[in-house]
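Only one structure is covered here, and it is reproduced in the block below.
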Amino acid sequence: MFSNKKILVLPGDGVGPECVAEAIKVLEWLNSKLNIKFTLMEGLVGGSSYDAHGIPLTDKTLEVARQSDAILFGSVGGPKWDNVERVNRPENGLLKLRKELDLFANLRPANIFTALIDSSPIKKEIVEGLDILIIRELTSGVYFGEPKKIETLDDGSKVAIDTQRYTSMEIERVAKVAFDLSLKRNKRVCSTEKANVMESGVLWREVVSKLHNEKYKEIELNHMYADACSMELVRNPKQFDVILTDNLFGDMLSDQASMLTGSIGMLPSASLGEKKISDRQHALYEPIHGSAPDIAGKGIANPIAQILSLSMMLKYSFDLNKEQILISKAISNCLYKGYRTKDIMQENCTEVSTSGITNHIIDELNNLI
Ligand code: IPM
Ligand code: MG
């Protein structure tokens, strides 16, 4: 019996709430069948928090987040809030959570479900068996570097400034996560930056190489410029095992990697803080797709990335590895039987709704136990 773990559920905006509702159904299934008991709390984030409180994340919600063992996050943003001032934009609720909880290591797996191989826009032989793990630094770099502003110059024209900034500590701790995870995989890390034009890239390469040399010599490390990496991801993605990269490049490379798998609606992520001995490790789990406001509320969103985010939570926050594999297997079986949401629909398959696909996944879970 596994109990007393607190999960904060933050559905957010757009398709977030409908996808999160499906993930909760899976959690309830685990609860009823496997006697895994979690205490769920729910809060507002993003535009929905802005509408209710005038800010995208309240101190109260942040405090609940600090006290919880894991956060299940939906998605934030939408055109409704396009004209809201920057500090109060929905995305800022998410960025604040990442920063305040120091969730510096973002794990973005890109694996392909065999049943979906034909929905990848890339040729089958190139993506078959794909299994990449992108480790994106998540709390620094150009997302957070200061100065960050738009100013008016003396001649009345404007200048915009963002700052790419990394300390060696920030690089080292995320590199360590990448190396440690690669030890449980194929022991290959590709570190990605733009050392040819950016000082932050030079330091990145230096720190990663030093750590590798001192502690991880059994791992094969190579360095690649981020632009080349983006090209290689399409040309020959199976060369990669773990890709280590900064906040901005990681944002782009992970979207690109997701398309190799056929749909961005399929990929989950975990954002982890420092592992502490005495205290809990903060962790947030979210799909990498956004809030997709254009399809919100229509019952056609694909909840699989959200359900897989839940399964990553089971693995990384609660060491429930068997349950994580079980969920993944159930999804795979459901896809084999031809059930598809609209975004991954294929010939001779059956199109089902957001809740329809979850019901089939739960049927498969029942078949598996
Ligand atoms: C992501 C998203 C976010 C990011 C947005 C919503 C702030 O694109 O998680 O990849 O840019 O990090
Ligand atoms: Mg992104």
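Atoms within each ligand, like the ligands themselves, are counted from 1 in listed order. What you see below is based on every heavy atom in this structure, not just the backbone, and it leaves out hydrogens, waters and symmetry mates. Source: prediction; values computed, not measured.
- The shortest N/O to N/O separation between Arg98 and ligand 1 falls below 3.5 Å.
- Heavy-atom proximity to atom 1 (C) of ligand 1, evaluated over His289, Met252, Arg108, is greatest for Arg108.
- Within the 4.0 Å heavy-atom cutoff, Ile288 does not count among the residues contacting ligand 1.
- Annotation: Glu91 places no N or O atom under 3.5 Å from an N or O atom of ligand 1; distance criterion only.
- Between the side chain of Ser254 and the backbone N or O of Gly250, at least one donor-acceptor pair lies under 3.5 Å.
- Under the 4.0 Å criterion applied to side-chain N and carboxylate O atoms, Asp51 and Lys80 are assigned as salt-bridge partners.
- Counting only N and O atoms by type, the side chains of His289 and Ser258 include no donor and acceptor under 3.5 Å apart.
- For ligand 1, the polar-atom distance check finds an N/O of Arg136 within less than 3.5 Å of one of the ligand's N/O atoms.
- Between Phe318 and Phe38, the ring-plane angle classifies as tilted under the 30° and 60° cut-offs.
- Side-chain contact annotation: Ser182 with Tyr216, donor-acceptor N/O pair under 3.5 Å absent.
- If you run side chain to side chain donor-acceptor pair (under 3.5 Å) between Glu22 and each of Asn359, Thr358, Asn302, only Thr358 comes through.
- The pair Lys275-Asp180 fails the salt-bridge criterion, with no side-chain N (NZ, NE, NH1 or NH2) lying under 4.0 Å from an Asp/Glu carboxylate O.
- For atom 4 (C) of ligand 1, the nearest protein heavy atom (residue, atom name, distance) is Tyr143 OH, 3.4 Å.
- For Arg89, no heavy-atom contact with ligand 1 is shorter than 4.0 Å.
- Regarding atom 10 (O) of ligand 1, its nearest protein heavy-atom neighbour is Asp251 OD1, 2.8 Å.
- Sorting the N, O or S atoms of Asp251 by how far they are from the Mg ion (ligand 2) puts OD1 first.
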